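Take a look at the structure below.
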Number of protein chains: 2
Amino acid sequence: MAELCVHLVPLFNALPTNDQMQIEELVHHQNYQKSELVMDPTSSNNLVIVAHGGARLYTLDENGRENVTQILKTGDYAGENWLFGEANINTYVEATENSEICLLNRNEFLALMKKKPELSIQLLEQNIIKVRAMHRQIQLLSLPKVEDRLLSYLQTYAKQVNKNSFTLPLKMKDLALYLGTTPETLSRKFVLLEKQGTLKRKLRHIDLF
Amino acid sequence: MAELCVHLVPLFNALPTNDQMQIEELVHHQNYQKSELVMDPTSSNNLVIVAHGGARLYTLDENGRENVTQILKTGDYAGENWLFGEANINTYVEATENSEICLLNRNEFLALMKKKPELSIQLLEQNIIKVRAMHRQIQLLSLPKVEDRLLSYLQTYAKQVNKNSFTLPLKMKDLALYLGTTPETLSRKFVLLEKQGTLKRKLRHIDLF
DNA sequence: AGCAGAAATTGACGACCATCAAGAAAAAAG
DNA sequence: CTTTTTTCTTGATGGTCGTCAATTTCTGCT
């Protein structure tokens, strides 16, 4: 048997197992044939999790032409926004092969949240943290110079761990990605900052001045 | 008398007035003298809203030196993270002048959310939408070329309104900021895309091909 | 330890873009 | 309608950064 479907959704998988079980109980596992329609704008809103198989999302434009917006394969999901507030006004979901697909119904989920307020509070807390992290990243990425982005990142991180001497939690490659640059440029910027006397570095260990 | 304090917090001010009133009832308005400590790590967690005056946030580093992290003036607030989950472990809030400061206590707020599940659901819905918007923006900003960022933005927007012919909701200046570039570069990119035949533009009206 | 594969660095080069400044076009004000 | 102000465009220039390729350093594995 498959894992818990809710495990596949990042928003859920950090929840206490207890809460996850409660959500899992709401999930409708269903099998769909290839080309079968899973959802359309007239359906009630659902979170769609592809437990096994594949699906595609598409909209119809003003001329009635299909416009594929997303492809889902095993383990992917869509419709977080339909689960939380937004109505699905123009999107169709269709199985691209014989698939096992899990649906989590908005109304049932709302009912659960009303019955167990801790659940929505948990989700909210998690989300707020995420928003703050994303906000920081946007501010970083908005800085035109990589040098500034790096320094800002390091200072923020130093503040976070409340130390001026620390070990980077990311590899260069990932830090580069996070800062919207390349490992090469990042490397150069490190030596630049070191030359400027802003920091001292040995591998991934940083001393910030 | 002042406006509702909760109005100042973006997370709250889109809520139905009804919900806002309930939150407002929890708010403790208090007056602080210059240099008086509003919060420290031993206090229970609060959202801090400066209704009138000023305050500063600081942490103490390993040597006991103060490290100012944020300055609040009238209308600013801090501690969204303390209200929602994260504990305040090292931050002090101090009034920088005689101030009227509103505190929203975490425990009281939690109690309200448990009593009125709709409130946290509302907040959650709002947050999810925000996360999605921010996620899009991060993806955009991660594209190295302004040209790609612009095109991606336009395509996403077209998909959103489900039309290939639309009027931009932002002025050039703001769009430039959103895309992490300057109005000048943005302008050039528009003519470039137009030359390529990717779009046609007249002022802020776009036809996408 | 020693080897293999990955990760990080360095150099050279060219494209891209921010900046400054000036001009044109549109919007707002009178 | 005219004037004023704001917004947008265009040009020239220099710095920044991404790309490709080669080398060095690090890490995991047996």
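Values in this document were obtained by computation on a predicted structure and should not be read as measured data. Just so it is clear, the values below take in all heavy atoms, side chains as well, and ignore hydrogens, waters and symmetry mates. Each chain gets a letter, A, B and so on, in the order its sequence line appears, and its residues count up from 1.
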Between L170(B) (CG) and dC8(D) (P), how many Å, whole number? 10 Å

Spacing of L192(B) atom CG relative to dT9(D) atom P, expressed in whole Å: 14 Å

So, does T185(A) get its side chain near the phosphate of dG18(D), meaning an N or O under 4.0 Å from OP1 or OP2? yes

Answer yes when E97(A) and K34(A) have at least one side-chain N-carboxylate O distance shorter than 4.0 Å, and no when they do not. no

For atom CD of E184(B) and atom P of dG14(D), their distance in whole Å: 18 Å

Spacing between M172(A) atom CE and dC26(D) atom P, to the nearest angstrom: 12 Å

Test item: side-chain donor near acceptor, N88(B) and N45(B), under 3.5 Å: no

In whole Å, I'd like the distance from the NZ atom of K171(B) to the P atom of dT6(D). 11 Å

If every non-hydrogen atom of Q30(A) is compared with every non-hydrogen atom of L103(A), which pair is closest and at what distance? OE1-CD1, 4.0 Å

Please determine if D76(B) and K73(B) form a salt bridge, counting it only when a charged side-chain N lies under 4.0 Å from a carboxylate O. yes

Walking along DNA chain C from 5' to 3', note the first and the last nucleotide with an atom under 4.0 Å from a heavy atom of chain A, and give both. dA7(C) to dA12(C)

Here the distance between atom P of dC8(D) and atom CG of L177(B), to the nearest Å, is 13 Å

Is there a donor and acceptor pair, one atom on the side chain of R188(A) and one on the base of dT19(D), closer than 3.5 Å? yes

Contact summary for L141(B) and S142(A), nearest pair of heavy atoms: CD1-OG, 4.1 Å

Do any side-chain nitrogens or oxygens of T182(A) fall under 4.0 Å of OP1 or OP2 in dC17(D)? no

Is the distance between the ring centroids of F190(B) and Y153(B) under 6.0 Å? no

Given atom CZ of R204(B) and atom C1' of dC8(D), what is their separation to the nearest angstrom? 10 Å

Is there a residue in residues 134-152 of chain A whose heavy atoms reach under 4.0 Å of DNA chain C, and which residues are they? none

Are T59(A) and N90(A) linked by a side-chain donor-acceptor pair shorter than 3.5 Å? no

Can you confirm whether more than 12 heavy atoms, excluding those of H28(B), are under 6.0 Å from its NE2 atom? yes

Test of ring centre spacing under 6.0 Å for Y157(B) and Y178(B): no

